[in-house]
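Note that the structure is a prediction, hence the values are computed from the model and not measured.
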Amino acid sequence: MVKETGTANDPREAYLEWLAMEARLLRIELYGDVYYAAREFTPCGTFARDYHFGGDWKSKPQPSTRALTVLRAVGVEIPGDDA
């Protein structure tokens, strides 16, 4: 489902949009079939699991705190960004 939110310059919304497309493309890359791209298939039990499931996830930095860092790291042009 696509939802236009009217907050095109909100880094959190941009990060969520980017993550959704990144996950879709990674599923195609890993599994070689666009069938998986349209599904919400996600691996379980990888080495990253404990980051979210190894205790109180609310005490860890929230996703919005890394939105701009990740977007900058992958080369997204951010409106008004001087970093």
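Between the side chain of Q62 and the backbone N or O of K60 there is at least one donor-acceptor pair closer than 3.5 Å. Within the 3.5 Å criterion, the main-chain N or O of A67 finds no donor-acceptor partner in the side chain of R72.
Minimum interatomic distance between Y15 and L71 (heavy atoms only, all atoms of both residues): N-CD1, 4.0 Å.
Placement of I78 and V70 within a single hydrophobic cluster is found when ILVMFWY residues are connected by side-chain heavy-atom separations under 4.5 Å, directly or transitively.
Salt bridge D10/R12: present, at least one basic N to carboxylate O contact under 4.0 Å.
Y51 OH: more than 12 foreign heavy atoms inside a 6.0 Å radius.
Remark: L68 CG to D81 CG distance equals 7.0 Å, nearest 0.5 Å.
Contact check for R66 versus P61: side-chain heavy atoms found under the 4.5 Å cut-off. E22 is not listed as a side-chain neighbour of L26, based on a closest heavy-atom distance of 4.5 Å or more.
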